[in-house]
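The structure appears below as structure tokens.
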Amino acid sequence: MNLMHERLKTVLYPLITFAVLLAVWEIAIRVFKVPNFILPTPVSVVQALYRGYVEGLYWQHFFFTLQSMLFGYLLGCTLAFMLGCLFAESRTFERMLYPFVVALQSMPKVALAPLIIVWFGFGIESKIVMVALVCFFPMFINTAMGLKHTNPALLDLMNAFSASRWHILTRIKIPSAAGHIFAGLQIAIVLGLIGAVVAEFVSSTKGLGHLINASAVNLETNTMFAALLSLAVLGILGSQVVRLLHAKVVFWDKQASSQAIVSE
Amino acid sequence: MSDILLQADKLAVTYTSTRGPVVALQDLSTRLHQGEFLSVLGPSGCGKSTLLKVVAGLLRPSGGSVTLAGAPITGPRPDVGIVFQQPTLLPWQTVLDNVLLPVRTLGMDLAAGRDKAMQLLKLVGLDKFARHYPNELSGGMQQRVGIARGIIHDPTLLLMDEPFAALDAMTREHMMLELQRIWMATGKSVVFITHSIPEAVFLSDRIAVLSARPGRTIREVEIDLPRPRTLATMADPRFTEICNELRALFTDLVKFD
Ligand SMILES: Nc1ncnc2c1ncn2[C@@H]1O[C@H](COP(=O)(O)OP(=O)(O)OP(=O)(O)O)[C@@H](O)[C@H]1O
Ligand SMILES: [Mg+2]
């Protein structure tokens with residue numbers, strides 16, 4: 001009973017905040033007579049959303065961004081995971097790559113967007129590459145660091161029982177690093193979405209980022225807000241999926257799902 | 001009982017830490033005969049775990065030599081079993097899978113290993129917990145899982161680092177009797193590290209007493225109490241006498257300034 005109460009509160013309270021926000025927004029526009037092309041009314045945003053998703057014009061943009069996000073994320077994270085393992089396992093490889101990793105890490109990857117458009121064209125390919133690129137680093141660093149910080153007692157244990165290197169990597173180091181790896185996946189999903197939008201800003205004919213860009217030209221702020229909301233939904237959905245996976249996969253760590261704090 | 005299995009000669013181990021070098025062991029010499037039960041007794045921090053790691057092939061000594069069956073120890077060996085001071089279980093594996101770890105790493109038959117594991121879990125009183133995960137177990141239960149894991153691959157040399165320290169008095173006595181039984185039945189050689197004088201006297205053929213850090217052997221005591229020893233042995237005047245002797249030696253060792 002009490003638990004139900006608590007659950008209800010966690011859903012209800014944010015909804016109250018949201019309702020208050022909408023009311024203040026609507027009232028402010030009426031009182032200060034803000035023109036619609038500066039700030040749309042909540043109603044006109046809802047209208048735009050309705051038109052976009054029921055009449056179907058927004059879906060192609062939504063799916064374009066979702067697709068670049070999904071493929072880019074999978075590509076970037078898979079590559080980062082494999083190279084992260086190599087980096088953590090091979091001293092030589094680490095020595096060869098370390099200075100470049102440090103240098104690239106501090107560079108804003110989104111600045112490469114125009115170049116990537118030049119190389120991979122205006123279509124979805126360039127967006128996928130962009131997303132993969134921004135996803136790569138947080139995933140790579142987290143994987144490598146996680147693997148390198150395996151509890152030495154566990155390594156002693158495995159060595160004492162003559163475990164092979166492969167066995168140690170797959171059965172000990174990777175599960176040990178799972179918390180780090182999921183933190184990387186969590187950060188990557190947030191950054192990936194940013195990457196997708198930036199690439200669409202630079203040049204695209206589709207996508208939610210493109211929608212924002214295109215409607216800015218015509219001062220269609222309600223469309224911009226509708227696209228922003230759609231992006232928020234994408235972001236929340238992605239984070240939530242990763243969080244659920246985290247709790248499911250790293251079942252032995254009770255604080256697992258609350259551990260990954262995403263910051264940009 | 002005459003052939004020597006393990007021989008440490010002027011063994012020295014120095015750790016390098018950020019605070020500078022730490023000499024853990026210096027000039028430690030001792031030996032273990034085939035089939036012998038040797039206990040190592042020493043004050044906390046004197047280097048007992050360090051000694052065990054060297055014998056297990058996990059740590060290179062910085063001086064002196066250790067030989068196992070005549071050959072210098074160059075790394076871990078499949079015929080050695082170890083029970084660590086901390087349970088060191090894999091939290092993502094069930095109790096059964098944790099016990100099966102050496103079976104997997106050494107590529108032994110898994111089906112036979114499973115039967116053996118269940119047998120050992122029964123022996124340590126945890127057969128009902130085979131499907132549980134380590135974080136559902138108490139510290140003492142975890143340690144017993146570690147003990148089962150240490151002997152599942154039937155090692156000829158068994159290294160145990162204070163395996164009963166986390167157990168309650170009743171379980172500890174039960175485990176002592178079981179260990180003696182296994183040891184007498186299988187003829188393993190055992191190096192057993194402990195803080196507990198009665199435990200050492202009860203189990204051992206011989207006890208090596210180490211000094212405070214840096215650890216070296218300051219005394220070796222043969223325990224000639226007849227086997228099998230039972231709980232009644234602990235009431236034996238000879239048992240009490242040896243314990244008192246060792247305790248007197250210990251009070252001199254453990255002095256903090
Ligand atoms: N990795 C390490 N780096 C630096 N110093 C270490 C390291 N491991 C152990 N030492 C030091 O070496 C000494 C011996 O440690 P060891 O763990 O062998 O003691 P011990 O006899 O097993 O103690 P206890 O009975 O409390 O378990 C200690 O003083 C400890 O501080
Ligand atoms: Mg110790």
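Computed from a predicted model, the values in this text were never measured in an experiment.
The local environment of OH in A:Y98 is sparse, with at most 12 non-hydrogen atoms from other residues, nucleotides or ligands closer than 6.0 Å. Heavy-atom neighbours of B:K53 NZ from other residues, nucleotides or ligands within 6.0 Å: at or below the threshold of 12. For B:Q86, the CD atom counts as loosely surrounded, since its 6.0 Å shell holds 12 or fewer non-hydrogen atoms of other residues, nucleotides or ligands.
B:T88 contributes atom OG1, which lies 8.5 Å from atom CG of A:D156 (distance to the nearest 0.5 angstrom).
Looking only at distances, no side-chain donor or acceptor of A:N159 sits under 3.5 Å from a matching main-chain atom of B:P76. Without hydrogens or angle criteria, B:W92 side chain to A:R171 main chain gives a donor-acceptor distance under 3.5 Å.
Put simply, the side chain of B:I82 reaches to within 4.5 Å of the side chain of A:F161, judged on heavy atoms.
Interface check for chain A: of the options B:P102, B:P155, B:G107, the most heavy-atom pairs under 4.5 Å are formed by B:P102. Of the listed residues A:A178, A:A153, A:S162, A:A163, the one with more heavy-atom pairs under 4.5 angstrom with chain B than any other is A:S162.
Interface remark: A:I172 contributes backbone and side-chain atoms alike to the contact with chain B (heavy atom separation under 4.5 Å). Using a 4.5 Å cut-off between heavy atoms, B:R149 contacts chain A through both its backbone and its side chain. Neither the backbone nor the side chain of B:L159 comes within contact range of chain A; no heavy atom of the residue lies under 4.5 Å from a heavy atom of that chain. A:S164 does not touch chain B: none of its heavy atoms, backbone or side chain, sits under 4.5 Å away.
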May I have the step-by-step check of side chain to side chain contact (heavy atoms under 4.5 Å, CB included) for B:L89 and A:L157, ending in yes or no?
-> CA-CA 9 Å; B:L89 305 178; A:L157 165 77; over 6 Å; no
